[in-house]
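Each ligand, and each atom within it, is numbered from 1 in the order the structure gives. When reading the values below, keep in mind they use all heavy atoms of this one structure, side chains included, and skip hydrogens, waters and symmetry mates.
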Amino acid sequence: MNQFTAGKHHDLLIDGQRVPAASGRYFETRDPSTEEVIALVAEADAADVDAAVRSARAAFEGTWGQMRPADRGLALLRLAEFVRRDQEELVELESLDSGKPVSAVRRQDLPAVIDTLIYYAGWADKISGQVIPARTDALTYTVREPMGVVGAIIPWNFPLMIGMWKIAPALACGCTVVLKPAELTPLTALKIGELAVEAGFPAGTLNVVPGFGKTAGQAIVDHPDIDKVTFTGSPGVGRQILRGAAGNLKRVTLELGGKSANIIFPGSDVEKAVKAAGAGIFFNTGQVCSAGSRILAHRSIYDEVVERLVGRAQGMRLGDPRDDKTSMGPLISQTQMERVLGYIEVGRQEGAEVAIGGARHGDKGYYVSPTVFTGVEHEMRISQEEIFGPVATVIPFEDEDDAVRLANGTVYSLAAGVWTADIAQSHRMTRKLKAGTVWVNTYGPTDVRLPWGGMRDSGFGREHGDIAIENFTEPKVVWINTGR
Ligand code: NAP
Ligand code: MG
């Protein structure tokens, strides 16, 4: 077993110290591939969140807030170095807690975490305002000041990576952070918190308070001394956060769900398209907000797409996440497995056909076979609602307008993919698709330099890039009367 877990109790990280919860309570975290308890984690509630916020406020007003911006950047670079040093431990820990295959965490999550840290380290001393010559009797300019204390609430599907998408820009801006990981995956957040202490971040700069959404999460949302909440999760909780944030008019960024379309036109490289479409829905066992869960295939290539996609599903290797050859791990929890199997049942009842998969895999661990539905109508629930599992629907379309109508026809607007060999068509499609990201002749890559997020039930605001710097700062106007 991993050294960091080794069956021990894990305390909260508040004010640079590992401390038990005020209540003294601990909760269990499990390995989804074995269903076994791997560690006990201190359960934060409102009292602990309050202690973390007080510490974060003090660091914001003092040590961290007063630090030279370039030194904040150096601290982020040191953290990147420690993440690199301990990457195998982090890979193993993330895999144990979430069921992700180590091969995927090593290839994708860890490099993204390091890249994010280095990218925002570079921003720390380059956050500037603007001289705006509004008047002839005054010197008028803006500065960008850090918002203050940030509450970051993250889901279980990419704990390390999504956590860093929030922590790194917030810290680069000079904010301090109270991070609440999902209760299903608290371990790597605590490890990152420890590395931050080791990297010399002053006490209170980054606090980590694992606990449940309804208690610890809600306490962050309700806390009057938190200035901003950055959230990734479901639309339902997103709405709740907006309501809660009305109290002290917190700034809010919401990254929510998706039901993204992956559109394959005739004349495109169908083999390549379906390979990417398979990865687009089966990667991370389909627990990806931008999963290409709706594959739209032109009627003339529909049969070929289905056949090839079934082949991709057959080629997935389900198994022990610690085995390098495993390409698909379990779902995160019993609840998630039941939810996904429930949707598969709904699909059957709605009259869709299971071309492959459609059942639990094995009897230990929360594995569900990669599943492809055919005979799907656009209005069916399996084509409209986010399943968050390895379940693809394949729907034929007649022409470009039909493809756009189907693609835009859900409550979500996070991402879309288009496969075409026609350059004019690619431009028409990118214009017509309602989505935060449109991929052409690829599906799924993200880069921290590019804005990420969506509209409608996919949330509002964007993360990444320079937009994240705006997310964690407030512009201030300075008006110096000079006279004429
Ligand atoms: P979730 O239930 O919304 O949970 C997300 C986080 O919010 C967890 O830390 C959760 O805590 C916490 N939470 C729950 N209730 C809360 C409350 N009342 N107040 C404050 N915090 C609360 O989502 P999930 O099931 O973990 O994740 C799946 C969803 O996330 C999917 O809909 C997916 O599409 C979305 N997602 C979106 C993106 C994106 O970038 N757009 C990325 C990943 C995932 P506990 O779980 O510990 O109770
Ligand atoms: Mg776990």
Side-chain angles (χ1 to χ4, degrees), residues 27-29 41 43-46 49 97-98 100 109 112 151-166 178-187 189 208-223 226 229-245 247 250 252-260 283-293 331-333 335-340 343 385-389 410-415 435-437 444 446 448 450-464 468:
F27 64 92
E28 298 171 342
T29 187
V41 179
E43 182 189 326
D45 62 20
V49 167
D97 213 4
S98 70
K100 288 163 178 286
D109 305 54
I153 302 175
I154 58 173
W156 39 259
N157 59 343
F158 295 93
L160 269 174
M161 187 178 77
I162 293 180
M164 199 51 76
W165 284 352
K166 299 182 184 309
V178 176
L179 171 68
K180 193 204 87 65
E183 122 271 342
L184 290 165
T185 54
L187 296 179
V208 186
V209 287
F212 292 84
K214 285 195 167 59
T215 49
Q218 194 66 45
I220 287 175
V221 174
D222 292 339
H223 203 292
I226 289 184
V229 170
T230 168
F231 172 78
T232 297
S234 58
V237 175
R239 287 192 168 81
Q240 190 130 338
I241 286 177
L242 274 186
R243 271 182 231 116
K250 283 182 186 66
V252 176
T253 308
L254 302 177
E255 303 291 349
L256 310 175
K259 190 73 182 175
S260 300
F283 177 65
N284 213 41
T285 321
Q287 304 167 116
V288 180
C289 51
S290 54
S293 46
L331 291 159
I332 187 70
S333 65
T335 309
Q336 189 66 14
M337 182 177 74
E338 283 165 8
R339 185 182 135 97
V340 171
Y343 266 112
E385 297 175 22
E386 185 177 47
I387 298 174
F388 229 54
T410 73
V411 293
Y412 295 106
S413 290
L414 186 59
T437 295
T446 59
V448 74
L450 300 170
W452 179 250
M455 295 81 74
R456 304 192 295 154
D457 270 29
S458 296
F460 65 73
R462 295 289 187 276
E463 300 193 277
H464 296 183

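- Using a 4.5 Å cut-off on side-chain heavy atoms (C-beta onward), Gln336 and Leu184 make no contact.
- At a 4.0 Å heavy-atom cut-off, ligand 1 touches Phe388 through the side chain alone.
- Close contacts of ligand 1 with Asn157, meaning ligand atoms under 4.0 Å from a residue heavy atom, involve 43 (C), 44 (C).
- Both tests pass for Lys100 against the ring of Phe158: distance under 6.0 Å to the centre and angle within 45° of the axis.
- Per-residue contacts place Ile162 under 4.0 angstrom from the following atoms of ligand 1 (heavy atoms of the residue considered): 42 (C), 43 (C).
- At a 4.0 Å heavy-atom cut-off, ligand 1 does not touch Leu184 at all.
- Residue contacts with ligand 1: Trp452 is included, with a non-hydrogen atom under 4.0 Å away.
- Protein heavy atom in closest approach to atom 11 (O) of ligand 1: Lys180 NZ, 3.1 Å.
- Checked by atom type, the side-chain pair Lys166/Thr230 shows a donor-acceptor distance below 3.5 Å.
- You'll find the side chain of Gln240 reaches within 4.5 Å of the side chain of Gln218, heavy atoms only.
- Here the closest non-hydrogen pair linking Leu256 and Pro235 is CD1-CA, 3.8 Å.
- At a heavy-atom cutoff of 4.0 Å, ligand 1 is contacted by no atom of Ile220, backbone or side chain.
- Between the side chain of Thr285 and the main chain of Gly389, no donor-acceptor pair closer than 3.5 Å is present.
- The ligand atoms of ligand 1 that sit less than 4.0 angstrom from a heavy atom of Ala182 are 9 (O), 47 (O).
- At a 3.5 angstrom cut-off on N or O pairs, Gly233 counts as close to ligand 1.
- Some N or O of Trp156 is nearer than 3.5 Å to an N or O of ligand 1, by distance alone.
- The side-chain heavy atoms of Val237 and Ile241, taken from C-beta on, include a pair separated by under 4.5 Å.
- Between Trp156 and Phe388, the two ring planes are perpendicular [angle over 60°; tilted spans 30° to 60°].
- When non-hydrogen atoms are compared, ligand 1 lies under 4.0 Å from the backbone of Glu183 as well as from its side chain.
- Counting only heavy atoms from C-beta outward, the side chains of Leu414 and Cys289 approach each other to under 4.5 Å.
- Using a 4.5 Å heavy-atom cutoff, the side chains of Thr410 and Asp457 are not in contact.
- A donor-acceptor pair is defined here as one N or O able to donate and one able to accept, closer than 3.5 Å; such a pair exists between the side chain of Lys259 and the backbone of Glu385.
- Those atoms of ligand 1 with a heavy atom of Glu386 less than 4.0 angstrom away are 31 (C), 32 (O), 33 (C), 34 (O).
- Contact annotation for atom 45 (P) of ligand 1: protein present (non-hydrogen atoms, distance under 4.0 Å).
- Contacts of Thr232 with ligand 1, taken as heavy-atom pairs under 4.0 Å, involve both backbone and side chain.
- Residue Gly211 has at least one heavy-atom neighbour below 4.0 Å for each of these atoms of ligand 1: 47 (O).
- The single protein non-hydrogen atom nearest to atom 18 (N) of ligand 1 is Gln218 OE1, 2.9 Å, given as residue, atom name and distance.
- Heavy-atom proximity to Ile153, at under 4.0 Å, picks out these atoms of ligand 1: 6 (C), 7 (O), 9 (O), 12 (C), 20 (C), 21 (N).
- The option from Gly453, Ala415, Ser234, Cys289 that lies nearest to atom 36 (N) of ligand 1, judged by heavy atoms, is Cys289.
- Taking each heavy atom of Lys250 and Ile220 in turn, the nearest pair found is CE-O, 3.5 Å.
- Considering each of Thr185, Val237, Ile154, the one bringing a non-hydrogen atom nearest atom 6 (C) of ligand 1 is Ile154.
- A heavy-atom distance below 4.5 Å is not found between the side chains of Phe212 and Asp45.
- Annotation: atom 41 (N) of ligand 1 to nearest protein heavy atom, Leu256 O, 2.5 Å.
- Annotation: side chain of Tyr412 is not in contact with side chain of Ser293 (no heavy-atom distance under 4.5 Å).
- Looking at Gly257, Pro155, Gly217, Gly213 and measuring to atom 17 (C) of ligand 1, the nearest heavy atom belongs to Gly213.
- The shortest separation from a heavy atom of Ser290 to ligand 1 is not under 4.0 Å, leaving the residue out of contact.
- When heavy-atom distances to ligand 1 are checked against a 4.0 Å cut-off, Glu463 has no atom that comes that close, whether in backbone or side chain.
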